[in-house]
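As structure tokens, the structure follows; a few thoughts come after it.
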Amino acid sequence: LGSVVLGKKPVVQDFFPLSVDYEEKFYASGKISGSKFLKREGKPSDDAVLIGRLIDRPIRPLFPKGYRQEVQVVTTVLSMDPNFRPDVIAMIAASAALHIAGLPFDGPIAGVRIGLVNGEFKAFLTPEEREVSDLDFVVACRENKVMMVEAGANEVSEETIISAMDWAITAVQPAIQIQKDLRAKLNVIDREYTLSLPDESIAAELKTWAESNLKDQITGNVIERAKIVEEKRKQLHAEMCEIHAAGADAEEKLANYEENLKNEYDNAFELAVHAEVRRGIVENQTRPDGRKLDEVRPLSSQVSILPRTHGSSLFTRGLTQAMNIVTLAPLSFSQVVDTMEKTDEKRRYMHHYNAPSYTVGEPGRIGAPGRREIGHGYLAERALIPVLPPEEDFPYAIRSVTEIMSQNGSTSMAATCSSCMALMDAGVPLKRPVSGVAMGLMLDGDTPYILTDLMDAEDFAGDMDFKVTGTEKGITALQMDMKVHGIDIKILREAILRSKLGREHILNHMLSVIPAPKATLSPYAPRIEKLMVNPDKIGAIIGKGGEMINKITSETGATVDIEDSGLVTVASNNAETIEKALNWIKSLVEEPEVGKIYTGKVVNIKEFGAFVNIMNGVDGMLHISQISDKRLAKVE
């Protein structure tokens with residue numbers, strides 16, 4: 001179900017008040033929540049938040065600039081095939097509802113989630129196919145242009161990503177056409193609307209003023225530019241006050257300026273600053289901070305900066321700074337996910353991202369993470385998952401937390417880089433290190449100007465925000481958002497290929513700080529030993545009602561976790577404790593081996609020999625003829 005509701009009055013604020021929600025209903029998949037306490041749907045899961053963002057991102061740019069009517073889009077899953085993810089269907093439902101609502105929505109759009117199975121692209125994968133796919137790729141398109149992409153990948157090549165986008169454009173066309181057909185069958189009446197844009201005469205006045213007062217003058221790092229911009233803003237208002245308050249009734253005119261015109265000039269000034277950023281890049285190929293288009297901001301990093309944590313790092317790129325802290329724990333600390341689609345799925349690796357308002361120099365509420373924080377954390381998490389060691393080799397639950405200390409663009413990529421370094425600092429044996437970079441775009445007609453390592457000023461003024469993470473072998477995650485009505489795949493191809501150079505530059509810096517994962521874990525991290533047992537023997541370890549495993553943990557002090565596969569892990573900060581618990585478990589599950597010598601206690605004597613207890617619950621028969629190298633008359 002896709003529904004759209006329009007607010008009755010324009011909202012007085014400086015952004016488009018669009019909200020997009022994705023509502024999971026457990027009944028849609030024939031489930032009741034596994035929570036002991038909450039059976040009714042409540043706070044949206046992280047998955048629902050991420051899907052809501054997935055739908056929002058290709059829709060938002062297709063409304064005209066200055067549109068301030070409140071729009072609420074709600075998609076609700078009513079019935080779900082467990083072999084089929086409903087997220088892109090929700091995107092199509094949202095687009096279809098918007099397309100027939102009479103709003104100034106320049107759609108329709110459609111999305112498709114595709115995978116790479118046996119070297120072939122395929123849409124609508126089953127859960128089993130998704131498990132073995134090297135690519136999990138969502139592409140949203142408008143006509144024949146890409147609006148949004150998001151991907152997780154198992155180190156696939158740039159060319160594979162480009163081919164996947166091309167394949168997706170063809171795949172979504174039926175879903176776009178069916179929405180057009182639907183609108184054609186309905187008597188859709190376009191609603192009247194007004195745009196909140198600067199007065200045309202004020203915009204023209206600002207354009208002339210900017211030629212003399214802004215051109216090539218707003219340069220430097222973000223702090224220097226902020227000072228210049230504020231000085232120029234004050235200069236503008238001083239000059240405009242002088243002009244508008246000239247002549248008779250000066251006080252009345254000045255009051256009118258403050259009340260009715262100041263905000264208009266402020267809005268026009270912001271647009272003029274953005275236009276100056278674009279002009280410098282297009283005309284001079286010079287960015288606001290003086291960098292070349294393909295240049296990365298200065299890099300600086302450290303590891304092991306927090307003495308008590310299991311792993312830590314500080315990654316700084318320009319004025320964006322991210323600190324990451326890694327904590328290791330037994331597998332029993334993995335997060336259990338209970339959603340409409342997933343039942344008792346365990347997240348062994350968790351990345352959490354925090355960016356309080358003070359990181360941009362503003363006051364704000366400190367509370368639960370918002371949608372942006374959840375989305376940025378998920379992107380950085382996805383970037384590292386393909387290079388984590390398997391549970392069998394490294395039986396730990398891993399929590400990685402990024403604390404943004406200061407931000408000026410591309411904090412999700414800083415989170416990726418800092419989390420990779422902190423994991424290496426913690427001794428997690430990654431297959432390969434991962435780096436990430438954000439790419440930007442300024443379109444001047446048909447001419448693209450692609451920017452490496454996007455900063456805030458360029459993001460606000462630009463046409464694309466494109467984040468790419470990967471190893472030296474290939475891409476691990478991707479996220480791209482447009483601010484224009486779609487981009488040709490040729491431009492995206494060039495952006496992806498250029499991003500590789502940026503990633504390599506950042507990766508070389510990271511490796512200069514920590515070239516490889518540490519060989520040993522922090523002394524504060526729990527030690528974990530693993531043992532593979534016959535799954536049929538798990539019951540012997542657990543015991544009746546958990547009696548045996550509780551006895552092991554209480555008497556040894558170790559933490560014991562058992563997987564259905566037969567993987568047993570024993571965790572403790574004390575090596576003797578681990579050894580004691582392991583020996584106990586081995587005694588419960590060990591099976592006799594031919595040729596092995598056992599020391600045991602004689603438990604029964606017969607005329608023909610003796611029975612010797614060699615392990616828990618197992619007695620071996622020692623024949624009278626094998627007790628001695630001489631003939632014995634009696635076993636006794």
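Both backbone and side-chain heavy atoms feed into the values below; hydrogens, waters and symmetry mates do not.
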*With sequence neighbours excluded, tell me which residues meet side chain to side chain donor-acceptor pair (under 3.5 Å) with Ser45.*
Glu24
_I'd like to know if the side chain of Asp561 reaches the main chain of Ser332, judged simply by a donor and an acceptor atom lying under 3.5 Å from each other, with no hydrogens or angles considered._
yes
*Determine whether Asp465 and Leu454 make a side-chain contact, defined as any pair of heavy atoms from C-beta on separated by less than 4.5 Å.*
yes
*Check whether more than 12 heavy atoms from other residues, nucleotides or ligands sit under 6.0 Å from atom CD1 of Ile366, and answer yes or no.*
yes
_salt bridge (charged side-chain N to carboxylate O under 4.0 Å, His left out) against Arg130, all qualifying residues, sequence neighbours excluded_ = none
*Flag the pair Leu306 / Ile325 as yes when at least one side-chain heavy-atom distance between them is below 4.5 Å, and no otherwise.*
yes
*asked:* Does this structure show an ion pair linking Asp481 with Arg60, if we count only N-O contacts that are shorter than 4.0 Å?
replied: no
*Please tell me if the side chains of Glu504 and Leu501 come closer than 4.5 Å, counting only heavy atoms from C-beta onward.*
yes
_Ile162 and Ile496, any side-chain heavy atoms less than 4.5 Å apart_ = yes
_Sequence-distant partners of Glu129, side-chain contact (heavy atoms from CB on, under 4.5 Å), two or more places apart_ = Val117, Lys122, Leu125, Thr126
*Check for a donor-acceptor pair, side chain of Ser95 on one end and backbone N or O of Ile92 on the other, with a separation under 3.5 Å.*
no
*Is any side-chain heavy atom of Val303 less than 4.5 Å from a side-chain heavy atom of Ser312?*
no
_My understanding is that only residues two or more places apart in sequence, or in another chain, count here; which of them pass ring pair (Phe, Tyr, Trp, His ring centres under 6.0 Å) with His351?_
none
_Ser406/Gln321 under side-chain hydrogen bond (donor to acceptor under 3.5 Å, both in side chains): CA gap, chis, key distance, verdict_ = CA-CA 5 Å; Ser406 170; Gln321 188 173 65; over 6 Å; no
*asked:* When you measure from the side chain of Arg57 to the backbone of Met148, do you find a donor-acceptor pair of N or O atoms at a distance under 3.5 Å?
replied: no
*asked:* Could you report the tightest heavy-atom contact between Pro433 and Thr471, atom names first, then the distance?
replied: O-CG2, 3.4 Å
*Over 12 non-hydrogen atoms of neighbours within 6.0 angstrom of NZ in Lys483*: yes
*Min side-chain heavy-atom separation Gln302-Ser313 under 4.5 Å*: no
_Just to verify, what does Ala571 make a side-chain contact (heavy atoms from CB on, under 4.5 Å) with, not counting sequence neighbours?_
Pro330, Ile528, Thr559
*Do Val88 and Phe124 come within less than 4.5 Å of each other through their side chains, counting heavy atoms only?*
yes
*Separation of Ser400 OG from Leu388 CG (nearest 0.5 Å)*: 9.5 Å
*Keeping to residues at least two apart or across chains, list the side chain to side chain donor-acceptor pair (under 3.5 Å) pairs with something in residues 356-367.*
Thr359-Gln407
*asked:* Looking only at the side chains, is there a donor atom on one of Thr76 and Tyr22 sitting less than 3.5 Å from an acceptor on the other?
replied: no
*Residue of the set Ile385, Thr469, Leu423 for which side-chain contact (heavy atoms from CB on, under 4.5 Å) holds with Val434*: Thr469
*asked:* Regarding Asp21 and Arg371, does a basic nitrogen lie under 4.0 Å from an acidic carboxylate oxygen?
replied: yes
*For residues Glu158 and Lys500, determine if any side-chain heavy atom of one lies less than 4.5 Å from a side-chain heavy atom of the other.*
yes
*Quick one: which residue pairs count as a salt bridge (Lys or Arg N to Asp or Glu O under 4.0 Å) with a foot in residues 390-411, not counting sequence neighbours?*
none
_Quick one: does any side-chain atom of Arg113 pair with a main-chain N or O of Ala123 as donor and acceptor, under 3.5 Å?_
no
*asked:* According to salt bridge (charged side-chain N to carboxylate O under 4.0 Å, His left out), who are the partners of Lys518, at least two apart in sequence or on a separate chain?
replied: Asp425
*Output yes when a side-chain donor or acceptor of His376 lies under 3.5 Å from a complementary backbone atom of Thr411, and no otherwise.*
no
*asked:* Pairing donors with acceptors under 3.5 angstrom, does anything connect the side chains of Ser157 and Thr160?
replied: yes
*Of all residues at least two apart in sequence or in a different chain, which pass the side-chain contact (heavy atoms from CB on, under 4.5 Å) check with Lys145?*
none
*Is it the case that more than 12 heavy atoms not belonging to Phe16 sit under 6.0 Å from its CZ atom?*
yes
*Kindly check if the number of other-residue, nucleotide or ligand heavy atoms within 6.0 Å of NZ (Lys346) is above 12?*
no
*Measuring from Thr569:OG1 to Phe394:CZ, what's the distance to the nearest 0.5 Å?*
12.0 Å
_For Arg291, all residues meeting salt bridge (charged side-chain N to carboxylate O under 4.0 Å, His left out), sequence neighbours excluded_ = Asp289, Asp453, Glu458
*Could you tell me whether the side chains of Thr402 and Asn354 share a donor-acceptor contact shorter than 3.5 Å?*
no
*Can you list the residues that meet the side-chain contact (heavy atoms from CB on, under 4.5 Å) rule with Asn574, with sequence neighbours excluded?*
Ser572, Glu576, Thr577
*Pair listing, side chain to side chain donor-acceptor pair (under 3.5 Å) test, anchored in residues 426-440, at least two apart*: Glu155-Arg432
_With a 4.0 Å cut-off on N to O distance, would you call Glu159 and Arg493 a salt bridge?_
yes
